[in-house]
There are 2 protein chains.
Amino acid sequence: MADKVTIADVARVAGVSRQTVSNALNTPEVVRPETRQRVLEVVEELGYRVNFAARQMRTGRSKLIAIRIDPAGDGVNGSVFDRFLHGLTESAAGAGYRLLLYTAADDQKEIAAFQDLLGAYEPDGFVLTSTHHKDARTSWLLERGLPFVTFGRPWSEPADVHPWVDVDGSAGTEAATEHLLAAGHRRIAFIGWPSGSGVGDDRREGWRRALAGAGLDPAGLSRETPDGIADGEAAARDLLTADPDITALVCASDSLALGALHVARSPNPAWHAEAYRRIAVTGFDDTPVAKAIGLTSVHQPLTDAAARCMDLLGRALDGTPPGNLLLPPSLVVRQSA
Amino acid sequence: MADKVTIADVARVAGVSRQTVSNALNTPEVVRPETRQRVLEVVEELGYRVNFAARQMRTGRSKLIAIRIDPAGDGVNGSVFDRFLHGLTESAAGAGYRLLLYTAADDQKEIAAFQDLLGAYEPDGFVLTSTHHKDARTSWLLERGLPFVTFGRPWSEPADVHPWVDVDGSAGTEAATEHLLAAGHRRIAFIGWPSGSGVGDDRREGWRRALAGAGLDPAGLSRETPDGIADGEAAARDLLTADPDITALVCASDSLALGALHVARSPNPAWHAEAYRRIAVTGFDDTPVAKAIGLTSVHQPLTDAAARCMDLLGRALDGTPPGNLLLPPSLVVRQSA
DNA sequence: AGGCATGATTTGATCGTTCAAGTTAAGGAA
DNA sequence: TTCCTTAACTTGAACGATCAAATCATGCCT
């Protein structure tokens, strides 16, 4: 393998000093154009590349961004994070950064991971996902003035405590509900998660808002259940049994929707002795499963979100005030609704 | 934020030299137990952590492993890589390594990425996925003596040219086919990819082997098509129309199987005027989609594969001959077959 | 007692880069 | 001519760790 080419090698061949090579690459304006040109040619010729470790020692910047990847979530919804990650890797590369992965089981473990990482690899910044109420991670990072962006807004604090990018979940469920209303549905129920989670409550709120806008009463039309196919099925069964007028189900996730769909599509439902009701179902996240089975679902612009996260983080690293950003989702209409 | 703690700080507080601190941490056996104890206490007290950049400068080891993540594949099968990645992150962490992500559009671009990475971050090793015939990447790395493991066996070269871990695809389709045979099926067709891809040919071979074992003739029972839901549907339709005796379809992927399932489950198939035939379908990869819709599928032990990859890479980094490993998949039986 | 091996610790040098300060040469003003 | 400024480039030092070699005890053997 070609031996390591250092800045000194380039300097020698180009007949200039190390520092001039460094300047030609990092501060071109202080170098005479023809010198710069010559240096760049030698850089090309020798295949020189800066050694990040050495640079990091001097400047303190590692050009690394750390992000947590969860222990093998094999669920339907795991793919949301994965799609975000794919997008972020590309945006980061465009900005000259690479992603460093780590795992952590909970907030406290993640903070411990921060400490390990900061001591060892010294990442320049962090991207946090799945923010929640009383997020210990963000306050820890804020206290220490470390640059980070969250994908997910702060749920317990004012919107401007830290930079974030999020997708407007309530707008998503609202759009889904409005789509159902436009199709003539009047009794539209919601299947979501136990209240207390920011994301879940937000999604429920969008449904409620749409019903209110149409002058409809949401009372008795909402169920709270853990995320899962079986859970969605049970909740749907419960709702449809309790209220024979329900004709549509808005769900907080594709997993729940998938379960609901089983009930909605069962040809001769035990929960209903009358003539067959066609029940519309919508999901959330537009996972591959939704696409595969024709489930109408709310799509999150994840690649875009990733790019904007990188934008904001870049600003945070520059010292520019980064701000925050709420992206609109879009409804992907398929056969299920 | 707490100022950076260096090895010199620890040395001063513990009343020893830098090198003794280094030894206490890296070569404990050369340090007197009580000295070691004292040093470790100070390390704990000050919250000292080695700075990897500095270590890397001296030792040349970065404790980083690079792995490519593909540009946002939103398909059904994307999750295979993602599950592998989750597992690998954990195994790597266990061995003191972290994963560094990069993207690349093709083999040549990936080799360029190798050069960038080696010059800049100097990863200690690489994990390559989706190996194929005439893989330019492996030969490039081999020529330069760089440590790597592939998840996927070498398809054009002898098995021992480089370390690898793979899942035995032909054993998977063979198991699926045998399961169908045991259920009484006799005309079992195969839907796979155009020949020439190692993985695809291997999966077809397993089906052929199982049929041969039962003394059955595979002639006319195989179709080659790109990977996709619509492609699977078309191929299934074609097969079932051409041969009225077919009662089961073994597919090379869950995407293909999903398409096939649409045909198999259509209540009044245009392709068949006779009484309704129940067509069994099996997929490959056991994606969330398979679980969601009750598709019998071949499951790959991805977490295990990731762990073994890390094992082998660790050996390659130590200089121990790493070898290679073919893992058996398992058939997950659901309603579809 | 002298010599020597062994164990425990310390010292100086080094990895490749960039910062900060220094040098050199050329041009302009007095 | 002399002095000063500026542009262009060079030199020495430093980042924080580990390697290699040096130092200093200590114990054992003859």
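Computation of the quantities below employed the complete heavy-atom set of this structure, encompassing side-chain atoms and omitting hydrogens, waters and symmetry-equivalent molecules. Each chain gets a letter, A, B and so on, in the order its sequence line appears, and its residues count up from 1. This one's a predicted model, so the numbers in the text were calculated from it and none came from an experiment.
- Between the C1' atom of C:dT17 and the CG atom of B:N51 lies a distance of 14 Å, rounded to the nearest Å.
- Evaluation of atom-type donor-acceptor distances gives no pair under 3.5 Å for the side chain of A:Q56 against the base of D:dC15.
- Between A:S22 and C:dT17 there is no side-chain polar atom (N or O) within less than 4.0 angstrom of OP1 or OP2.
- Residue A:Q19 contributes atom CD, which lies 16 Å from atom P of D:dA14 at whole-angstrom precision.
- Here the side chain of B:R55 is nearest to one of D:dT18, D:dT11, D:dC9, namely D:dT18.
- Side-chain N or O atoms of B:T20 include none that pairs as donor or acceptor with a backbone N or O of B:V16 at under 3.5 Å.
- Contact annotation: A:T35 side-chain N/O to D:dC9 OP1/OP2 distance is under 4.0 Å.
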Check the pair A:R49, B:E122 against salt bridge (Lys or Arg N to Asp or Glu O under 4.0 Å), reporting the backbone distance first and the verdict last.
CA-CA 11 Å; A:R49 273 157 177 101; B:E122 299 185 289; over 6 Å; no
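- The side chain of B:M57 has D:dG16 as its nearest neighbour among D:dG16, C:dT10, D:dC9.
- Nucleotide C:dC15 holds its C1' atom 13 Å from the CG atom of A:D9, rounded to whole Å.
- A rotation axis mapping the C1' atoms of four pairs onto the next four is fitted at both ends of the helix from C:dA1-D:dT30 to C:dA30-D:dT1 over five pairs, and the angle between these axes is 60° to 10 degrees.
- No option in A:F114, A:F148, A:Y97 other than A:F114 meets the ring-ring contact (aromatic ring centres under 6.0 Å, His included) test with A:F126.
- Considering only the side chain of B:N23, C:dT10 comes nearest among C:dA8, C:dT10, C:dT18.
- Remark: B:N26 is in phosphate contact with D:dT18, judged by side-chain N or O atoms under 4.0 Å from OP1 or OP2.
- Checked against the 6.0 Å centroid criterion, the rings of A:W164 and A:F151 do not qualify as a close aromatic pair.
- A:E29 places its CD atom 12 Å from the P atom of D:dA7, with the value rounded to the nearest Å.
- If you measure from atom NZ of A:K4 to atom C1' of C:dT17, you get 12 Å, rounded to the nearest angstrom.
- The distance between atom CD of A:Q37 and atom P of D:dC9, rounded to the nearest whole Å, is 13 Å.
- Of the candidates D:dA17, D:dC9, D:dT10, D:dA17 carries the atom nearest the B:T6 side chain, counting heavy atoms from C-beta on.
- Computed from coordinates, the B:Y121 OH to C:dT17 C1' distance equals 15 Å when rounded to whole Å.
- Note on A:R49: only backbone sugar-phosphate atoms sit closer than 4.0 angstrom, heavy atoms only; bases stay farther off.
- Side-chain N/O atoms of A:R32 include none lying less than 4.0 angstrom from OP1 or OP2 on D:dA7.
- A salt bridge links B:R12 with B:D9: the distance from a Lys NZ or Arg NE/NH1/NH2 to an Asp or Glu carboxylate oxygen falls below 4.0 Å.
- For A:R36 (side chain) and A:V31 (main-chain N/O), no donor-acceptor pair under 3.5 Å exists by modelled atom type.
- Residues B:V21 and A:P33 both approach DNA chain D. Their nearest nucleotides, taken by heavy-atom distance, put A:P33 toward the 5′ side.
- Using a 3.5 Å distance cut-off with no hydrogens or angles, the side chains of A:D82 and B:H86 do pair a donor with an acceptor.
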Please list, one pair per line, the donor and acceptor atoms closer than 3.5 Å that link side chains of residues 154-161 of chain A to other protein atoms, with sequence neighbours excluded.
unit_1, atom_1, unit_2, atom_2, d
A:W155, NE1, A:R153, O, 3.4
A:S156, OG, A:H133, ND1, 3.2
A:S156, OG, A:K134, N, 2.8

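- Under 3.5 Å, the side chain of A:R58 and the base of C:dT17 form no donor-acceptor pair of N or O atoms.
- In this structure, the CG atom of A:L25 is 16 Å from the P atom of C:dG16, given to the nearest Å.
- Across all strands, A:T59 comes closer than 4.0 Å only to sugar-phosphate atoms, never to a base (heavy-atom distances).
- Among the nucleotides D:dA17, C:dT11, D:dT10, the one closest to any side-chain atom of A:S17 is D:dT10.
- The base of C:dT17 does not come close enough to the side chain of A:R18 for any donor and acceptor atom to sit less than 3.5 Å apart.
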